[in-house]
Amino acid sequence: MTESLRWVKSSYSNNGGQCIEWAPEHAAATGEFRVRDSKDPHGPHLTLTRGAFAGLVEFAQHHG
């Protein structure tokens, strides 16, 4: 299913190529927030809860 997802690069990931991507439509439809390394699009991804994803965004805002 990962291949059919539309991945979007995080706006907080503009720090020299160390980028993450997430699948917003999948999150809206299922409540699962999938995150992956943009440098390895065919590699593994993480599936986070809404709270864990919010924590990741907050961390990126403060330490990005």
Side-chain angles (χ1 to χ4, degrees):
M1 180 170 186
T2 302
E3 292 79 24
S4 65
L5 298 177
R6 183 178 75 88
W7 294 92
V8 176
K9 200 170 280 191
S10 170
S11 61
Y12 297 105
S13 294
N14 191 14
N15 58 359
Q18 296 188 28
C19 302
I20 63 165
E21 297 175 323
W22 72 298
E25 288 89 2
H26 181 80
T30 67
E32 295 178 340
F33 288 75
R34 293 198 176 172
V35 180
R36 72 179 183 184
D37 182 348
S38 65
K39 295 181 302 300
D40 188 10
H42 300 293
H45 67 268
L46 297 175
T47 301
L48 305 173
T49 63
R50 181 179 302 275
F53 185 74
L56 177 63
V57 170
E58 183 178 348
F59 179 84
Q61 289 173 330
H62 290 98
H63 302 284

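All heavy atoms count here, side chains included; hydrogens, waters and symmetry mates do not. Model, not experiment: these values are computed from the prediction.
Side-chain atoms of Leu5 and Arg34, non-hydrogen and from C-beta on, do get closer than 4.5 Å to each other.
A salt bridge between Glu21 and Lys9 is absent, with no side-chain N of the basic residue lying under 4.0 Å from a carboxylate O of the acidic one.
Between Cys19 atom SG and Arg36 atom CZ the span is 12.0 Å, to the nearest 0.5 Å. Leu56 contributes atom CG, which lies 6.5 Å from atom CG of Leu48 (distance to the nearest 0.5 angstrom). The structure places CH2 of Trp22 at 6.0 Å from CZ of Phe33, a figure rounded to the nearest 0.5 Å.
His45 and Trp7 get closest at one heavy-atom pair: CB-CH2, 4.1 Å.
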